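Structure first, then comments.
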Amino acid sequence: MTPDPSTVPRSPNGRSTSGPPTPAQPPAADAGQGGANPVTALAGLAGRLGGRAARAVTGAVAGRIPRADLDERDPDFIRDNLPRLWLLSSLWFRGEVRGLGNVPDEGPALLVGNHSGGNMTPDTLVLTLAFSTYFGVERRFHSLAHNLVLSAPGLGMLRKFGTVAASPANLKTALDSGAALLVYPGGDHEVHRSSFERHTVDFAGRRGFVREALRHDVPIVPVVSIGGQETAFFLARGDRLARTLGLDRLLRLKVLPISLALPWGLNVGDFGGHIPLPAKIVIEVLPPIHLRDEFGPEPDVDEVYEHVVRLMQETLDALAAERRFPILG
Amino acid sequence: MRLSTQIDIAAKSATVWDTITDPTQQLHFMHGITRWEVAGPIDRGVGARYRLLMRVGSAEVGSLIEVVEAVEQRDMAWVSVTGLDQRGRWRLRERANGARTHVEFRLSYGVAGAGFFGFVAERVAAPQVQRHLNRSLQQLKRQIEHEQLRRDAAARRAARERASVA
């Protein structure tokens with residue numbers, strides 16, 4: 001899950017600059033006068049406890065978010081784990097990656113992908129494997145991920161694969177180091193879209209990747225994948241539910257997805273992940289878009305955004321047309 | 001994991017040697033290979049380096065390889081410098097007084113340090129890699145024998161033309 005880095009308010013060290021949310025304050029008159037009105041006093045107490053819980057959760061998550069350190073990427077670790085990824089990718093997902101030769105052989109590039117599969121995103125796994133075997137683990141490859149992904153227990157290994165928290169500072173550091181950087185502008189909005197919209201590229205209008213590509217003068221390489229949204233049956237994003245529960249302010253989560261997934265059955269939130277169904281994953285890497293060559297010295301962000309989304313949607317439509325059956329491919 | 005395959009080709013060993021050492025020919029006869037590029041100042045012989053990719057399962061798996069042994073018309077061996085660990089060898093031996101050539105292609109590969117999953121992955125990949133090797137040699141045989149046939153036919157045509165002119 002990768003949010004659009006430019007839309008996330010963050011400090012230079014990569015941590016969120018927005019503090020913990022202010023809980024609903026109980027009425028001042030009731031706060032210090034227990035017994036004046038028992039119902040109001042109870043409501044005040046509940047509000048205070050809720051506020052403390054919210055601060056505790058936010059603090060716990062913030063404390064677990066690692067600082068962006070690109071040096072945590074460990075080529076030997078990646079190399080040792082390639083056989084495991086290869087087995088998973090080849091036998092379970094029957095992965096197929098086309099057009100990796102379109103990624104420039106050298107220098108930084110911004111790989112922009114559509115995101116699918118809930119919190120267990122097979123497209124990232126298949127692409128990471130393909131990139132590492134194609135270019136070698138020696139070539140720097142980073143991806144931006146949601147804070148919750150990096151702070152989740154047991155997912156620390158992702159940092160060794162080069163995954164860093166999504167923020168403009170990390171994006172700049174990665175591109176300045178000459179790395180190929182994978183971003184998913186759609187982030188949690190797209191990755192939890194309904195299975196009925198599985199063949200739709202939905203970046204929710206997030207144009208930050210275009211601005212960042214222009215700022216750093218790097219080519220955009222669209223990466224289109226299909227099959228990830230068939231690894232579970234995604235019913236709804238649950239964005240209203242997330243807003244109602246205040247998750248957007250607490251955890252930067254704009255969604256609380258509801259799906260039918262193994263082994264839970266009804267899966268709300270997908271916080272514990274799920275066992276992905278063995279859907280065939282096909283990924284197509286499109287030719288790089290050199291923005292200033294194609295759109296002039298001062299490209300219009302909206303025009304570039306529409307162009308990239310249109311290209312990706314057309315490719316996704318073509319991949320969908322090739323697909324005979326869900327899951328089987 | 002070590003794999004090998006062999007075949008007899010009705011051609012002189014010099015002809016086979018020219019084909020297998022020519023980097024521009026690799027994509028024509030090597031099955032499963034998606035990229036074969038010269039990566040260095042020399043394009044053949046000891047010290048020549050190539051970047052190659054072979055499609056295995058869901059990935060194009062590659063290495064930067066370097067030729068470490070080249071005995072004209074007999075042996076050529078290489079080892080990987082980066083990427084997937086591999087070492088390979090072309091072994092040519094003349095048969096039937098030089099009219100035929102016995103060609104053997106050996107390939108060992110693996111990921112050192114990958115442990116149990118590396119062990120399993122090597123074996124799961126083996127049938128596909130073996131198929132690539134077998135088809136490569138069959139294609140090499142077809143290609144060389146076909147070219148040989150065309151050269152012989154061209155020589156006969158030229159002889160007939162010379163005879164008719166005379």
Side-chain angles (χ1 to χ4, degrees), chain A residues 74-106 122-141 157 160-161 225-228 276 278-285 329, chain B residues 1-3 26-27 30 32-40 49-66 78-88 107-132:
Chain A
D74 186 344
D76 289 331
F77 177 84
I78 298 172
R79 186 181 161 80
D80 291 348
N81 280 282
L82 285 181
R84 187 189 310 228
L85 294 185
W86 182 84
L87 284 168
L88 197 56
S89 171
S90 298
L91 301 182
W92 193 253
F93 294 118
R94 284 110 61 225
E96 186 182 337
V97 181
R98 307 169 182 168
L100 260 178
N102 284 324
V103 179
D105 276 339
E106 292 176 343
D123 39 6
T124 313
L125 180 149
V126 173
L127 185 67
T128 301
L129 166 78
F131 193 96
S132 301
T133 57
Y134 191 95
F135 291 103
V137 295
E138 295 80 10
R139 180 166 183 190
R140 295 194 77 98
F141 177 66
M157 61 181 280
K160 293 189 176 183
F161 276 100
S225 67
I226 192 169
K280 181 175 173 61
I281 305 295
V282 180
I283 298 177
E284 184 148 352
V285 181
Chain B
M1 190 78 200
R2 181 175 165 174
L3 304 172
Q26 304 298 319
L27 288 177
M30 290 292 280
I33 296 285
T34 58
R35 191 174 190 179
W36 187 290
E37 292 172 352
V38 177
R49 287 186 167 194
Y50 309 106
R51 178 166 294 286
L52 68 90
L53 289 169
M54 177 187 274
R55 179 165 289 285
V56 186
S58 66
E60 288 173 84
V61 182
S63 306
L64 176 67
I65 61 169
E66 181 174 324
W78 64 90
V79 296
S80 58
V81 180
T82 60
L84 179 83
D85 299 322
Q86 61 161 296
R87 54 174 56 244
L107 183 69
S108 306
Y109 65 89
V111 182
F116 172 73
F117 289 105
F119 177 85
V120 174
E122 284 172 25
R123 272 142 192 86
V124 170
Q128 192 177 3
V129 178
Q130 182 70 59
R131 262 197 311 278
H132 286 330

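Below, read A as the first sequence line, B as the second, and so on, with proteins coming before strands; counting in each chain starts at 1. Please read all numbers here as calculations on a predicted model, not as lab measurements.
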Whatever's closer than 4.5 Å to a heavy atom in chain A on B:Ala112 counts as backbone
Cut-off 4.5 Å, heavy atoms of chain B, and the answer for A:Leu91 is side chain
Greatest number of non-hydrogen atom pairs under 4.5 angstrom with chain B, of A:Glu138, A:Glu96, A:Arg94, falls to A:Glu138
Among A:Phe131, A:Phe93, A:Phe135, A:Tyr134, the residue with the most heavy-atom pairs under 4.5 Å to chain B is A:Tyr134
* Under a 4.5 Å cut-off applied to non-hydrogen side-chain atoms, are B:Gln86 and B:Leu52 in contact? -> yes
* To do: Please assess A:Arg98 against A:Glu284 for the test salt bridge (charged side-chain N to carboxylate O under 4.0 Å, His left out), listing each intermediate value before the final yes or no.
  => CA-CA 5 Å; A:Arg98 307 169 182 168; A:Glu284 184 148 352; 3.7 Å; yes
Parallel, tilted or perpendicular: which describes the rings of B:Trp36 and B:Tyr50, with under 30° parallel and over 60° perpendicular?
tilted
Would you kindly say whether B:Ser80 and B:Ser63 are connected by a side-chain donor-acceptor distance under 3.5 Å? no
